[in-house]
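In what follows, a structure is listed as structure tokens, so that the remarks can point back to it.
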Amino acid sequence: MDKKIVLIDGHSILNRAFYAIPVLTNSEGIPTNAVLGFLNIMFKILDEEKPDFLTVAFDVHQPTFRHEMYEAYKGTRKSMPDELRQQVPIMKEVLRAMDITIMEKPGFEADDVLGTIATICEKDGYEVSLVSGDRDLLQLASEKIKIRIPKTKKGGTEIENYNTKDVIEAYGVTPLQFIDLKGLMGDASDNIPGVPGVGEKTAGKIIGTFDTIENAYNHIEEVTPPKAREALRNNYEQAILSKVLATIKVDCPLEFEIQEAVFDNIYNENAYGYFKRLEFKSLLNRFQVQLTQNTGIEEAFQSVETLEEVEEIFNGLEKVNGIPGFVFIHEEELLGLSIAPSNEKAYFIKAGEKVTDTYLAGKVKDLAQKKQLATLNLKQQLHLPALNTIVSEGNCEKLQENIFDASIAAYLLNPLSDSYGYDDIAKDYLGLTIPSQSELFGKNKLSVSMVEKQEEFTHFCCYQAFSACKAAPLIIEALQAADMYKLFYEIEMPLVYTLYDMENRGIRVNRQELKEYGDKLLVSINSLETEIYKLVGEEFNINSPKQLGVILFEKLRLPFGKKTKTGYSTSADILEKLVPEHPVIRMILDYRQVTKLKSTYADGLAVYIGDDERIHGKFQQTIAATGRISSTEPNLQNIPIKMELGREIRKVFIPREDYIFLDADYSQIELRVLAHMSGDERLIDAYREAQDIHRITASQVFHTPLNEVTSLQRSNAKAVNFGIVYGISSFGLGQDLNISKKEAESYINKYFETYPRVKNFLDELVANGKGEGYVSTMFGRRRPIPELNSSNFMQRSFGERVAMNSPIQGTAADIIKIAMIRVNEKLKGLKLKSRLILQIHDELLIEAHKDEIEQVSHILEEEMQNAAKLRVPLEVEVKSGSNWYEAK
DNA sequence: TGGTTCACG
DNA sequence: ACGTACGTGAACCAG
């Protein structure tokens, strides 16, 4: 077996990766998409081929003969987008860190270097894999030289491979003829002019017949078709020049020793550091050895367990100046307390017989009455039985105010991250790379046995309080600098306690009825299933889009509307259009609906019902980029309502004995926010008239008297209203309304004519976003939008829509957060039995005691309407019912 | 694990 | 020419 070498065309692959992967930056804001894409391709190839040698070639930007020639033709080289340019040096650094040889030969192009090295290696008896995104290189293909072209295909990167025979198969010419082929047909991306009017087909025929351009010219009278003959006759010189341009040199005078391409130390500590810094999390597990660099602070970490030691620590804490950090380390039960009195010291206090959870909780609470403390993921800690008195006991306002949740603050400062653990905070604010929980312990849950022995566990715990303590002042400063101090202290921190309350209360579910609902669904599922199999004549997995696509579009030969990365699209909007084509379609749609209800809701919810007959879902405060909260385990924010069958499930959500549900809903809060923020008089007036906004919009946009607006006009206007909030695009609106892009555009134009300040406002949001790199809500919440300055049209357009949507969605989120806090506080403050239990973005669900219905309805209306003072009224609709179905 | 689909706002 | 509406979470399939 011959030894193998892989040669990579650096710029070409980097370029390809850049356009294949959407905007990606690490938390420092450095663009990383191209580097990640490059590494993914490289690793894929290394895994596949296991080569003995590897080298990457880059251009050195100095004018060369070929450059000058083609620049003479087409003016300047297409300039590289900034975000890509920045990644070139990073890419090189990363490769160097991995001890991978980089070839850069001043005066030569990467192509020529690759061609030369490939040829040398071939002669020396090596098998060569040449990886590039550039089809130019196909001319180098041979028996021993395989050209590999990664394709960012739908469904991942596929690599096309070309040896001699593959080139012949694909293009009908030999690799050498490929040069002549390109000379004739040209290549716009390489600025090779070719012969005008001669495309791939004709060029292939000519070269297939005459072998070379020169030979074809010599037999010019035999060249067919006549059009091509004339074209070649008139452009012969250009064709020859094109051929020169297209020729890759294989004889550059350069030194190459195979030993230079040895690579045996890719996964080293240095490279690991780079991967971490660039946040290539998925690639980190390639590094087998855990290369945790000691940051030095571990020296100051100490594990203690006696009462005396603990007392001494807390005595000392009273006097310190900064903001001490604390984190209760727990899985289900408390394992201990991590505490950092200053940024130079941290302790892990092991929970034990004498050092009990109540004791430790009491100590921290006492301290928090007196001074500010920093922690991480506070809400999770509050669920510890010993700690929940921080919320439930009276007179804990001061205490609550004194606790600083660094995770929440870090989220405000960058809501785009996916986690805000101690390791993330240490990296972002302290510049320290410390091992994460999964790096230390894998996916295992924390357990008592870990506490016993490992030094690692002490480190793990101490890192947490340490990071919170040391980062707190820096984060506070950053919050002030970003003008989010108020947002943080007046909305986000109080909300932590509100959400904790809600999680703690949960919502009651009738287990029996849920089961019956599921059984009812199962009957439908079974009958639909047999019907579907009968109709199509075979059994298959209806839930597999792949199998379903084959059945519908190949077996039944139905017209397919759209393709996805992996095959035919079988989404509801596509199937809906096929309903008249075949009776099975309706059944499949029904089947989809019923199985969804069964698996996600009937079965899915059942597992979360606790011994108290209630579901205690979690609310996530650091997920949504816009500032919304989200709901998990289970998601209680997407319980069906639109379809009757699904809506039925709401009947199983019930209040406790002697209580009812009150459901309070903001009416079109986002459009009202838009009216306020844009200041558009007409829109504001429309809301002050308190009429049907979609009807008013229709009336004004379509110049129709209010009472003559048709239902179609109204629903079109409604779609436009939604579109505006989503960051309008004519394409998107057209898609939604099933009308042409042109028609959609005229709707939008009419809308903007009607509400000129709205247009103005949205334009400003985009412009400001481009300038600042972020957009803001009324309350100062920021959302960074790196995509806004992307050179990629798709990404930039996305950024523009986000710039228009986020301030609106985010402001609405801010408002309802304020309302939640106030409603919760008021109910608690008045010692009412009624309690806030759910938030569904613009809706609050209260479990209200029968004797308090009037009072609570009033509180809801008041607090929600007055959560923010806008130029339009905030309308709230309160409904009641003996289950969630009735209350909506 | 990523892709697709679909539930909600 | 490019090919999309904004924000989520969960289930399921396929590799």
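Within every chain, numbering begins at 1; the chains are lettered A, B, ... in the order of the sequence lines, protein sequences first and strands thereafter. The analysis underlying the following values was restricted to heavy atoms, covering all of them including side chains, and did not include hydrogens, waters or symmetry mates.
- At the heavy-atom level, Ala812(A) lies nowhere under 4.0 Å from the strands shown.
- dT4(C) and dT4(B) have their P atoms separated by 11 Å, with the value rounded to a whole Å.
- Residue Pro640(A) has its side chain nearest to dA7(B) when only dG3(B), dG9(B), dA7(B) are considered.
- Contact annotation for Arg783(A): backbone-only contact, meaning every heavy-atom pair under 4.0 Å involves sugar-phosphate atoms and none involves a base.
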Nucleotides 9-15 of chain C: protein proximity per nucleotide (B base, S sugar-phosphate only, - neither; heavy atom, under 4.0 Å)
BSSSSSS
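- Taking Asp590(A) as the reference, nothing meets the salt bridge (charged side-chain N to carboxylate O under 4.0 Å, His left out) condition, with sequence neighbours excluded.
- Each of dG9(B), dC6(C), dA5(C) was ranked by its minimum atom distance to the side chain of Leu733(A); first place goes to dA5(C).
- Residue contacts shown for Ala813(A) are absent, as no nucleic acid heavy atom lies under 4.0 Å away.
- The aromatic rings of Phe275(A) and Phe43(A) sit tilted relative to each other, their planes meeting at an angle between 30° and 60°.
- Taking Gln547(A) as the reference, Phe540(A), Asn541(A), Ser544(A) meet the side-chain contact (heavy atoms from CB on, under 4.5 Å) condition, with sequence neighbours excluded.
- No contact: Leu597(A) has no heavy atom under 4.0 Å from any strand.
- Ranking dG3(B), dC8(B), dC6(B) by closeness to the Lys642(A) side chain, first place goes to dC8(B).
- Residue Thr564(A) has its side chain nearest to dT4(B) when only dC6(B), dT4(B), dG3(C) are considered.
- Within residues 800-807 of chain A, the residues having any heavy atom under 4.0 Å from DNA chain C are, by residue number, Arg801(A), Val802(A), Asn805(A).
- Using a 4.0 Å heavy-atom cutoff across all strands shown, Gly727(A) reaches no nucleic acid atom at all.
- Between Tyr751(A) and Tyr755(A), a ring centre-to-centre spacing shorter than 6.0 Å is recorded.
- In this structure, the side-chain contact (heavy atoms from CB on, under 4.5 Å) partners of Ser715(A), at least two apart in sequence or on a different chain, are Leu712(A).
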For Watson-Crick and G-U wobble pairs within 3.5 Å on both distances, what is DNA chain C written in dot-bracket notation, | included for inter-strand pairing?
.....|||||||||.
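- At the heavy-atom level, Ser569(A) lies under 4.0 Å from the strands shown only through sugar-phosphate atoms.
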